[in-house]
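Below: one structure, written as structure tokens.
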Amino acid sequence: QVHLVESGGGLVQAGDSLRLSCTASELLFVNYAMGWFRQAPGKEREFLGGVNWNGDTADYLDSVKGRFTISRDNADNAVYVYLQMDRLKPEDTAVYLCAADIRGLHILVNNGQVDYWGQGTQVTVSS
């Protein structure tokens, strides 16, 4: 059963912006911290940013601060988490994954064993 669905990836040029979306259609995710990771070929998965259950606390990987912004919408029918990526660079090329954990943002920040993962969306930035 697929719980988190990412969308919005694609091929862009360096300097462009892209907005990724993660949809959690089960309302239980209202109580989950949610965030974004990425994994490039031959590299380990890395935490990019996350937001707590109500969206009032966020944390980011230092190297993307100022370029990437996370937001969430706990809507009536689903939970949506967005990753706005600006001034993209070729080194941002990776599979981007949405994640959720009931224990809180600190689990995501520490790249722990989170409860749920999405299947990922490919982002490719050409130079």
Qualifying residue, where the test is side-chain contact (heavy atoms from CB on, under 4.5 Å) with V81 and the options are S21, S71, C22: C22
Check whether D86 reaches the backbone of S17 with its side chain - one donor and one acceptor, N or O, closer than 3.5 Å.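 Answer holds: no.
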Shared hydrophobic cluster for [X] and [Y] (ILVMFWY, side-chain gaps under 4.5 Å):
| X | Y | result |
| --- | --- | --- |
| L83 | F37 | no |
| V125 | L97 | no |
| L4 | L28 | yes |
| Y32 | V114 | no |
| L108 | V79 | no |

Report the C-alpha separation of M85 and V123 in whole Å, then their side-chain angles, then the decisive distance to 0.1 Å, and conclude whether the side chain to side chain contact (heavy atoms under 4.5 Å, CB included) test is met. CA-CA 11 Å; M85 304 185 292; V123 173; 4.0 Å; yes
Is there side-chain contact between [X] and [Y], with heavy atoms separated by less than 4.5 Å?
| X | Y | result |
| --- | --- | --- |
| Q39 | Y96 | no |
| T57 | V51 | no |
| N31 | I102 | yes |
| F68 | L61 | no |

Any donor-acceptor pair under 3.5 Å linking the side-chain atoms of T124 with those of Q122?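 Indeed, the side chains of Q122 and T124 share at least one donor-acceptor pair under 3.5 Å.
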Does anything in residues 42-53 form a side chain to side chain donor-acceptor pair (under 3.5 Å)? List the pairs, not counting sequence neighbours.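 Matches after skipping sequence neighbours: R38-E46, N52-N54, N52-D56.
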Pairs flagged by side chain to side chain donor-acceptor pair (under 3.5 Å) wherever residues 99-111 is involved - sequence neighbours left out: D101-R103
Under the 4.5 Å side-chain heavy-atom rule for ILVMFWY, direct or indirect, which residues accompany Y82? Y80
Hydrophobic cluster (4.5 angstrom, side-chain heavy atoms) - remaining members for L27: none
Ring centers of F47, W36 separated by less than 6.0 Å: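 No, ring centres 6.0 Å or more apart.
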Run the ring-ring contact (aromatic ring centres under 6.0 Å, His included) check on F29 and Y116 step by step: do they pass? CA-CA 10 Å; F29 285 101; Y116 293 99; 5.1 Å; yes
The complete set of salt bridge (charged side-chain N to carboxylate O under 4.0 Å, His left out) pairs with one or both residues in residues 1-27, sequence neighbours excluded, reads none
Can you list every salt bridge (charged side-chain N to carboxylate O under 4.0 Å, His left out) pair that touches residues 62-72, not counting sequence neighbours? D62-K65, R67-D92
Would you sort out whether D59 and L105 count as a side chain to side chain contact (heavy atoms under 4.5 Å, CB included), showing the intermediate values? CA-CA 8 Å; D59 203 348; L105 181 56; 4.1 Å; yes
Ignoring hydrogens, what is the shortest heavy-atom contact between S127 and A14? Give both atom names and the distance.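 So the minimum-distance heavy-atom pair works out to CA-CB, 4.4 Å.
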What is the distance from atom NE2 of H3 to atom OG of S25, rounded to the nearest 0.5 Å?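 Those atoms lie 9.0 Å apart.
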From I70 atom CD1 to C98 atom SG, the distance as rounded to the nearest 0.5 Å: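 Here the interatomic distance stands at 9.0 Å.
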